[in-house]
There are 2 protein chains.
Amino acid sequence: MAKRARTTRVGISDVATKAGVSLATVSRVMNGNLSVDPQIAKRVRATAAELKYLPNPTGRNLARGKTDTIGVVVPDLGNPTFQAVLRGVSRAAAQDGYRVLIADSSEVSSEEAILAGEARRRCDGVVLCAPRMGAAELEELAPSLHPMVLVNRATNATGSPSVMVDYGKGIQDLAAHLVELGHTRLAYVAGPASSASHGLRLAGLETFKRSHPGIELKVLPNGSTFEDGYNSADAVVASGASGIMAFNDLTAMGLLSSLNERGIRVPADMSVTGFDDIPFARYTTPALTTAAVPIVDVGEQAWRQMRELLNGTAGGGTSATPGQAGSEVAAGTTAAPTTSIFTPTLVVRGSTAAPPATGR
Amino acid sequence: MAKRARTTRVGISDVATKAGVSLATVSRVMNGNLSVDPQIAKRVRATAAELKYLPNPTGRNLARGKTDTIGVVVPDLGNPTFQAVLRGVSRAAAQDGYRVLIADSSEVSSEEAILAGEARRRCDGVVLCAPRMGAAELEELAPSLHPMVLVNRATNATGSPSVMVDYGKGIQDLAAHLVELGHTRLAYVAGPASSASHGLRLAGLETFKRSHPGIELKVLPNGSTFEDGYNSADAVVASGASGIMAFNDLTAMGLLSSLNERGIRVPADMSVTGFDDIPFARYTTPALTTAAVPIVDVGEQAWRQMRELLNGTAGGGTSATPGQAGSEVAAGTTAAPTTSIFTPTLVVRGSTAAPPATGR
DNA sequence: GATGATTGAGAAAGCGTTTTCTCAATCCGT
DNA sequence: ACGGATTGAGAAAACGCTTTCTCAATCATC
């Protein structure tokens with residue numbers, strides 16, 4: 001016959017009643033508001049502990065207008081790159097008391113925008129990984145997603161920071177490495193045409209070409225998966241190149257596997273490079289020469305940018321310069337969005353060597 | 001000078017006013033409540049679209065007492081197994097309109113309980129992967145986490161369903177496979193002592209031993225990472241075994257790599273098996289014989305169990321039997337928790353063969 | 001054409017906090 | 001000691017939505 005017996009859990013009012021204070025006071029105590037008598041504060045805390053009271057997050061969220069949660073939207077949770085970004089964001093955010101809601105579009109890019117919007121409304125901000133989304137769509141979506149941090153993408157017209165990887169530089173380093181070893185006929189086993197990071201690699205290679213006129217460089221259209229790499233062997237062999245740059249470590253490993261089956265020896269007959277330096281790259285046979293991308297750091301940095309946005313220290317400006325990354329401020333249309341750029345590091349392992357003498 | 005101009009976004013009352021109806025009606029329309037005149041419904045919908053109104057999830061959450069979100073707590077987001085579970089849960093949940101909040105304890109198991117509780121309060125339920133948590137702690141935690149689904153763990157005293165992988169059966173299959181090939185001296189390169197799934201493998205091996213008295217089987221303490229596998233080579237060689245079962249694919253790959261460096265040929269000199277069948281397992285050289293664990297399916301099934309719980313169809317009982325999994329109902333203390341058991345499948349690849357003739 | 005059953009929509013009461021507003025009770029300086 | 005400045009805590013108004021309650025209007029029934 002109690003007023004309202006088995007309502008839900010123990011609420012703030014239960015504590016208030018039992019401690020003989022008002023709701024407001026309990027709230028103040030719970031939130032560390034100092035303007036409350038130490039005596040009372042202590043009593044309230046004791047009562048709360050005794051009742052095992054824990055504030056209901058939903059109620060707080062509504063009242064405070066924030067959720068302490070950010071969304072991370074990725075095109076494919078199965079992809080090691082996005083897994084690593086997610087991990088980086090998640091751990092860094094956790095440090096600051098934020099949680100992460102995941103939104104996996106499962107490669108269905110038509111869903112991406114809806115998913116991102118959905119996530120945004122549930123959270124205080126969104127970290128968007130959308131490598132395939134059209135620039136126009138992104139630009140249109142951006143305002144409604146703010147605060148948003150872009151990963152490996154950029155857009156004007158919004159003060160959305162980006163954290164990017166300089167894939168162009170990375171692939172140039174790899175190409176230079178191969179040339180240094182003596183290779184003159186190179187091939188790039190390309191990624192998906194719609195992939196933004198593929199575009200950056202391509203641009204980097206264009207630059208490379210211009211500064212290395214004597215080098216032959218073919219681009220072989222391909223994909224981004226293990227299988228794609230495996231299946232690219234025919235085209236690779238046909239290309240006549242001796243130095244092969246795969247789109248990423250996954251395709252490089254697929255290619256490696258396929259070449260191995262054909263009896264083509266790496267690196268004796270052919271050199272192969274990957275990209276990303278996923279954990280497995282060092283354990284392939286031979287171990288993969290690759291361009292290491294500090295992708296977890298990218299996730300962490302994405303969180304830092306987000307935190308900046310959330311703390312309203314806004315206005316762009318120079319954010320904390322990330323550890324090994326160069327930071328750069330691009331003059332944006334409105335706010336001057338911050339861009340962090342991470343540069344891949346060349347990691348030389350066993351899969352590259354001088355080309356066979358006959359090859360010349 | 002408007003009443004309350006730039007409050008926040010467009011809210012339900014804006015729509016109500018503009019459409020000339022009450023808040024209640026707008027709510028009803030937005031929630032597909034049929035008891036509203038089609039004419040009015042249409043008008044409301046039009047107004048909502050015009051104003052780009054989208055209901056504020058936090059408000060809904062509070063009013064409905066649910067969040068359409070579940071938490072997934074994992075000990076390590078870097079571990080492929082948990083990544084796969086997460087992916088399975090996330091995608092399956094998304095199908096049913098639920099989102100996933102991730103809680104990564106980063107291997108800090110002392111944080112696990114707090115993290116799980118935290119997640120639970122923000123969500124409608126929790127999927128808990130806590131292979132290292134003590135049984136006692138788990139049991140104590142369980143009630144406060146309900147509704148909860150356990151992955152690769154079980155607990156009485158709560159009606160919490162489990163979805164498990166029969167690691168014991170899997171390792172027995174691997175051992176049998178090796179024996180069938182002619183190996184008589186086996187070694188199990190163990191996982192972390194505190195790992196529950198390691199315990200299951202161990203138990204399976206005990207069973208195996210009993211039914212194969214003539215076979216020698218050594219257990220070599222080790223860990224769960226690539227590095228651990230790599231570093232186990234000494235012990236493996238010293239064991240004198242010709243058939244090696246690694247804790248998982250990761251350690252198997254590390255071992256493979258290390259053996260390769262020592263000039264020990266797999267499978268000519270030594271056979272090696274993994275466990276899990278992670279995507280990379282088929283691309284190692286030689287390709288890894290392993291016990292395939294449908295781990296994404298585990299995640300999916302975890303979601304189904306959760307959905308069952310959430311829909312309150314509760315009471316345990318026989319849930320939908322998962323595709324290739326055996327389903328089994330254990331007689332629980334109270335509700336009779338449902339347990340889904342997935343059995344690994346033996347996948348024979350190139351890393352196993354008959355032992356060298358000399359070995360005998 | 002009067003009466004009871006239905007349908008449909010508005011008013012208002014939550015949902016569980018936070019936070020502004022108010023006011024009573026101290027404290028300070030002179 | 002007295003007025004003004006502080007401090008501290010309670011009352012009440014959000015926060016944005018859902019849902020029960022209530023009642024007016026429409027419908028079917030005899």
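Just so we're on the same page: letters track the sequence lines, and every chain starts at 1.
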May I ask you to decide whether A/R304 forms a salt bridge with A/E308, counting only side-chain N to carboxylate O separations under 4.0 Å?
no
Verify the neighbour count for atom NZ of A/K42: are there more than 12 heavy atoms of other residues, nucleotides or ligands below 6.0 Å?
no
When we call it a touch if two heavy atoms are under 4.0 Å apart, what does B/V21 touch: a base, just sugar-phosphate, or nothing?
sugar-phosphate
Return the nearest nucleotide to the side chain of B/A24; candidates are C/dG10, C/dG16, D/dG10.
C/dG10
Name the one of A/N31, A/D68, A/T67 that satisfies side-chain hydrogen bond (donor to acceptor under 3.5 Å, both in side chains) with A/R60?
A/N31
Within this structure, what is the OH-to-C1' distance between A/Y53 and C/dG16, rounded to whole angstrom?
7 Å
Hey, does B/N31 reach any base, or is it just sugar-phosphate, or nothing, if we go heavy atoms under 4.0 Å?
sugar-phosphate
Residue whose nearest DNA chain C nucleotide is more 5′ - A/G11 or B/D37
B/D37
To the nearest angstrom, the CG-P distance between A/L23 and D/dG8 comes to 20 Å
Compare side-chain N and O positions of A/T25 against OP1 and OP2 of D/dG10 and report whether any pair is under 4.0 Å apart.
yes
Given D/dG16, C/dT19, C/dG8, the nucleotide with the shortest approach to the side chain of B/L62
D/dG16
Of all the nucleotides listed (C/dG10, D/dC17, D/dT19), which has the minimum atom distance to the side chain of B/S27?
D/dT19
Can you check the B/R9 CZ to D/dC17 P distance for me, whole Å?
13 Å
Interatomic distance where CD1 belongs to A/I12 and C1' belongs to C/dC15 [whole Å]
13 Å
Do the side-chain N or O atoms of B/R64 get closer than 4.0 angstrom to the phosphate oxygens (OP1, OP2) of D/dT18?
no
Quickly work out the A/I40 CD1 to C/dA25 P distance and round it to whole Å.
14 Å
Is A/R28 side chain donor-acceptor paired with the D/dG10 base, going by distance under 3.5 Å alone?
yes
From the set D/dC17, C/dT17, C/dG10, return the single nucleotide nearest to any side-chain atom of B/R60.
D/dC17
Answer yes when B/R132 and B/E112 have at least one side-chain N-carboxylate O distance shorter than 4.0 Å, and no when they do not.
no
Salt bridge between A/D76 and B/R91, side-chain N to carboxylate O under 4.0 Å?
yes
Atom CG of B/D68 and atom C1' of D/dC17: how far apart are they, to the nearest Å?
14 Å
d(CG, B/N61; C1', C/dG14) in whole Å:
16 Å
Take atom CD of B/Q39 and atom C1' of C/dT7, then tell me their distance rounded to the nearest Å.
16 Å
